[in-house]
Amino acid sequence: MNYEITRNAIDVQEVIDKVISRNAGAVTTFIGTVRELTYGKKTLYLFYEAYEAMAVKKLEQIGREIQERWPDSLTAITHRVGKLDITDVAVVIAVSTPHRDDAYQANRYAIERIKEIVPIWKKEMWEDGEEWIGNQKETVAYPKGKPEEKDLHD
Amino acid sequence: MNYEITRNAIDVQEVIDKVISRNAGAVTTFIGTVRELTYGKKTLYLFYEAYEAMAVKKLEQIGREIQERWPDSLTAITHRVGKLDITDVAVVIAVSTPHRDDAYQANRYAIERIKEIVPIWKKEMWEDGEEWIGNQKETVAYPKGKPEEKDLHD
Amino acid sequence: MIKVLFFAHLKDVIGSESVTLEMGGENIISLKKRISDQYRIDSLHTVMVAVNEEFADDSTILSDGDIVAFIPPVSGG
Amino acid sequence: MIKVLFFAHLKDVIGSESVTLEMGGENIISLKKRISDQYRIDSLHTVMVAVNEEFADDSTILSDGDIVAFIPPVSGG
């Protein structure tokens, strides 16, 4: 179970342990935490929602993509959903590789892909309101109804 | 004490906790582990030695350099010395920043600088011998007796 | 019958996390049109669609028993 | 008196982690020469030197009480 959606606090070490290997010399982790200020606006807390079954499949897909590009790597990703307070951990990505360059690159690849194809949504709660992030700004549009090649492979 | 040399096993979460902040949205870690095979040669275990007082100072210097380049970042580094077995953790670097791009870059900067200026040495133990890494290959020479500008700032 | 799932702001706007529709042989464009007419939503062009948990093209023909999910731009991580 | 510290392979070659020398007014080049002559080591050109825990140039003049460390190319991380 290297790819998980959970409603509970994420144990970072547990995710790391999934990628530790005798062939690994480097493990990188990305830990996404809930930040209080975004461009000066104060967040009280966040709420994450996922289309869970599909989200796990898409995390697994990201894992396969990483395996293809960095064959000696191991990857594990856990994303939390539900209510998260400031400094809570929303996502942990751990990647191990024999050499460090690949571990940084593959990890970075994973978080960018999560933000492209994994059906998880974040609602920000402020003192004066709330908003689902990603929709009302409409910085991303999918006129064809699904991610385009460039969205999928950049 | 964000910069430490220790003879004991490193608790990754403890290093991460030092950089968690209400302003941080991203935490990256680099975990250097002892790899069994290096270019086909099998390592039995490693021995790390440090000039401890100076090593801590140099880790602190790296922290200041990161602070100058990424002012909103927090950094913590712990390096272990002594005998380390395969899969043991030799070094943990944790960096937090408001946004993820900086967290990856600053973390990468830290490990490259460690390999340039921190007085720590690794001895590899194989079935048929042992070797202090970094000296006999003489891939790096310091004709002026100290690191050159390019070694210090690349 | 097909089941349609809504998430995030779409779930809030529609007031339900899923609806079941009598449909068959039509494509996703038709489904989008039905949903936008019925719930007066005009931002479905920014919405991806998954059929049975895989992203699908607007021209995909829907079959009885399909589970269709409307996926607004994601914001995980 | 100055104290000279050795690490890694230098410590093995010299057989000691430190030596104390009577010196003063001379620079690091002189110290390197003394050490290489005495211990028959010819690879000191790859060795960095720290004086009182800071990297120092070969031309640095040593003073009584200095702690000098010979730093072979590092391999931490």
Side-chain angles (χ1 to χ4, degrees), chain A residues 9-17 19-40 42-46 72 74 84-101 103-112 114-115 122 124, chain B residues 9-17 19-40 42-46 72 74 84-101 103-112 114-115 122 124:
Chain A
I10 303 174
D11 180 334
V12 178
Q13 186 63 52
E14 213 171 85
V15 183
I16 292 170
D17 287 344
V19 304
I20 294 288
S21 139
R22 298 178 72 83
N23 296 323
V27 180
T28 51
T29 72
F30 175 84
I31 302 165
T33 55
V34 179
R35 186 180 53 229
E36 184 162 36
L37 293 175
T38 295
Y39 303 116
K42 192 170 176 177
T43 299
L44 298 181
Y45 62 93
L46 294 185
D72 293 328
L74 294 172
L84 273 78
D85 292 315
I86 307 300
T87 79
D88 277 355
V89 172
V91 62
V92 176
I93 302 166
V95 179
S96 73
T97 60
H99 301 280
R100 68 185 181 284
D101 196 42
Y104 282 104
Q105 283 189 39
N107 197 296
R108 183 64 192 263
Y109 180 84
I111 183 67
E112 301 304 331
I114 287 172
K115 290 173 179 289
K122 174 167 74 173
E124 289 194 357
Chain B
I10 303 174
D11 181 334
V12 177
Q13 186 63 52
E14 214 171 82
V15 183
I16 292 170
D17 287 343
V19 304
I20 293 288
S21 139
R22 298 178 72 84
N23 296 322
V27 180
T28 52
T29 72
F30 175 84
I31 302 165
T33 55
V34 179
R35 187 180 53 229
E36 184 162 38
L37 293 176
T38 296
Y39 303 116
K42 192 171 176 176
T43 299
L44 298 180
Y45 62 93
L46 294 186
D72 293 328
L74 293 173
L84 273 79
D85 292 315
I86 307 301
T87 78
D88 277 356
V89 173
V91 62
V92 176
I93 302 165
V95 178
S96 73
T97 61
H99 301 280
R100 68 187 181 281
D101 196 41
Y104 282 103
Q105 284 190 37
N107 197 298
R108 182 66 192 263
Y109 179 84
I111 183 65
E112 301 305 331
I114 287 172
K115 290 173 178 290
K122 173 168 75 172
E124 288 193 357

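Throughout, a chain's letter reflects where its sequence line sits, starting with A, and its residues are numbered from 1.
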Shortest non-hydrogen separation from B/Phe30 to A/Tyr104 and the atoms involved: CB-OH, 3.3 Å

Closest approach of B/Ile111 and A/Arg100, non-hydrogen atoms and distance? CG1-CD, 3.8 Å

Select one option (side chain, backbone, both, neither) describing which atoms of B/Asn107 are under 4.5 Å from chain A's heavy atoms. both

Any donor and acceptor pair, going by atom type alone, linking the side chain of B/Arg22 with main-chain N or O of A/Glu36 inside 3.5 Å? no

Just give me the residue among A/Ile31, A/Thr43, A/Ile86 that pairs up with chain B most often, heavy atom to heavy atom, under 4.5 Å. A/Ile31

Interface residue of largest heavy-atom contact number with chain B, from A/Thr38, A/Thr28, A/Thr29, A/Val89, under 4.5 Å: A/Thr29

Interatomic distance, CD@B/Glu14 vs CD@A/Gln13, rounded to 0.5 Å, equals 11.5 Å

Let me know if B/Val12 has heavy atoms under 4.5 Å from chain A in its side chain, its backbone, both or neither. both

At a heavy-atom distance under 4.5 Å, which candidate from A/Asp101, A/Leu37, A/Val92, A/Val91 has the highest pair count against chain B? A/Asp101

